[in-house]
Amino acid sequence: MRGYTRWVPRSKSKLGDWHEYATERLREAGYHKGGGRERVVGLLAGKSCAVSALEIDAELNGVGRATVYRALDQLEQLGLIRRIELGLDSTGFEKVGPQGHHHHHIVCSNCGKVIPFEDQPLEKAIRAIAKRSGVSLESHDVTLRGTCTGCD
Ligand SMILES: [Zn+2]
Ligand SMILES: [Zn+2]
């Protein structure tokens, strides 16, 4: 990533400090504090999983859709959030922590329920696959689809 300064988290929690981490990264990138972007960051900080741009827009009454979309683009470019395709017409945005910390999802094809999961051996396997394929890994998507226990 261009001009990337590795950020050292103050506590051991990986996504718990995302708000502070994102604020610092935005400051380093030359963005001024305040306004709609700060409210988008504040809202995302409180979410544990993906939210759509429409949900963000609805929750941040008064910020304006254009501002929300621009803020999401900026955060995505800085690698602070990622875009997740969870189904038909459902693009979500969620936090990416220091050192690229993130989770993946299981989506029920019947009710649309989204179950987040983290798996370090899976992350390790993905990095190993990229390495032996000679690919410099930028990102990856893993989504499991099936029927959840409630829909069985
Ligand atoms: Zn998620
Ligand atoms: Zn992963």
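All ligand and atom numbering here is 1-based and tracks the order in the structure. Numbering starts at 1 and runs along the sequence shown. It should be emphasised that the depicted structure is a prediction, and the values quoted were computed from it without experimental measurement.
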- Query: Can an N, O or S atom be found in E123 less than 2.8 Å away from the Zn ion (ligand 2)?
  - Reply: yes

- Message: Under a 3.5 Å cutoff, is there a donor and acceptor pairing between the side chains of H104 and E123?
- Response: yes

- State plainly whether the residues E59 and K47 are in salt-bridge range, i.e. N to O under 4.0 Å. yes

- Between D73 and R83, is there a salt bridge with N-O shorter than 4.0 Å? yes

- Could you grab the angle centred on the Zn ion (ligand 1), going from SG in C49 to NE2 in H105, to 10°? 100°

- Task: Flag H102 as yes if one of its N/O/S atoms falls below 2.8 Å of the Zn ion (ligand 2), otherwise no.
- Result: yes

- Message: I'd like the atom name of the N/O/S atom in E94 lying closest to the Zn ion (ligand 1).
- Response: OE1

- Query: Are H102 and E94 close enough that a side-chain donor and a side-chain acceptor fall under 3.5 Å?
  - Reply: no

